[in-house]
J.: 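I am attaching a structure below and will ask some questions about it afterwards.
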Amino acid sequence: MSDQPLTEAEIELALSDLPGWSHIGDRLEQTWTFGGHLQALAAATAVGFLNEQRDHHADLTINYNRLRVSTTTHSAGNKVSAKDTDLARAVSDLLA
Ligand SMILES: C[C@H](O)[C@H](O)[C@H]1CNC2=NC(N)=NC(=O)C2=N1
């Protein structure tokens, strides 16, 4: 998968099919809210396995019952690439 930075138009097109994801700075982000802390922790662990499978590692931040998933591509100069849109889709499928 290409790690070339996507253009703004390409990112907007991808986001039109990625409900809940936002382009913030040079990252794609979404925050999920769970019934409690342990559910958020379990979700973060599941996303961690997905990160490992893809060798593309979203930043995971837990605040009590919320999990923020945030991804960018270092090798694209810390810009959004297809690796991020692809990971975002996989995370959404996992947490749906
Ligand atoms: C060598 C290894 O494939 C790279 O460092 C990977 C690892 N995980 C990564 N994760 C993220 N989010 N962005 C990257 O560019 C990235 N690069």
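Numbering of ligands and ligand atoms starts at 1, following listing order.
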J.: With the threshold set strictly below 4.0 angstrom, can you tell me whether any protein non-hydrogen atom sits that near atom 12 (N) of ligand 1?
T.: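 Within 4.0 Å: yes, protein heavy atom nearby.
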
J.: Could you check atom 9 (C) of ligand 1 against the protein and tell me its nearest heavy-atom contact, residue, atom and distance included?
T.: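 I find the closest protein heavy atom is His57 N, 3.6 Å.
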
J.: So, Ser92 side chain and Arg89 main chain: donor-acceptor pair closer than 3.5 Å or not?
T.: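 Flag not set: sc Ser92 to bb Arg89 has no pair under 3.5 Å.
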
J.: Do Arg27 and Ser70 meet the criterion of a side-chain donor-acceptor pair at a distance under 3.5 Å?
T.: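 Result is yes, a qualifying pair exists.
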
J.: Numbering the atoms of ligand 1 from 1, which are under 4.0 Å from a heavy atom of Ser75?
T.: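 Counting from 1, the qualifying ligand atoms are 15 (O).
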
J.: What atoms in ligand 1 come closer than 4.0 Å to a heavy atom of Thr73?
T.: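 Heavy-atom distances to Thr73 below 4.0 Å select 13 (N), 15 (O).
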
J.: Just to confirm, does any protein heavy atom lie below 4.0 Å from atom 4 (C) of ligand 1?
T.: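 Within 4.0 Å: no protein heavy atom nearby.
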
J.: Donor-acceptor check, side chain of Asn65 to backbone of Thr33, threshold 3.5 angstrom: yes or no?
T.: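 Side chain of Asn65 to backbone of Thr33, a donor-acceptor pair under 3.5 Å: no, none is there.
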
J.: Would you say the side-chain atoms of Ser22 pair up with the backbone N or O of Ile24, donor to acceptor, closer than 3.5 Å?
T.: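 Not at all, since once roles are kept as given, no pair shorter than 3.5 Å links the two residues.
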
J.: Look at the side chain of His23 and the backbone N and O of Gly25, then say whether any donor-acceptor pair between them is shorter than 3.5 Å.
T.: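 Present.
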
J.: Heavy-atom distances under 4.0 Å decide this one: backbone, side chain, both or neither, for Thr72 against ligand 1?
T.: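 Backbone only.
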
J.: Students should be able to answer this: which protein heavy-atom is nearest to atom 2 (C) of ligand 1, and at what distance?
T.: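 Its nearest protein heavy-atom neighbour is Asp55 OD2, 3.6 Å.
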
J.: Give the residue and atom name of whichever protein heavy atom lies nearest to atom 15 (O) of ligand 1, and the separation in Å to one decimal.
T.: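 Nearest neighbour among protein heavy atoms for atom 15 (O) of ligand 1, to 0.1 Å: His74 N, 2.8 Å.
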
J.: Is a side-chain donor-acceptor pair under 3.5 Å present for Thr73 with Asp84?
T.: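 A donor-acceptor contact under 3.5 Å links the two side chains.
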
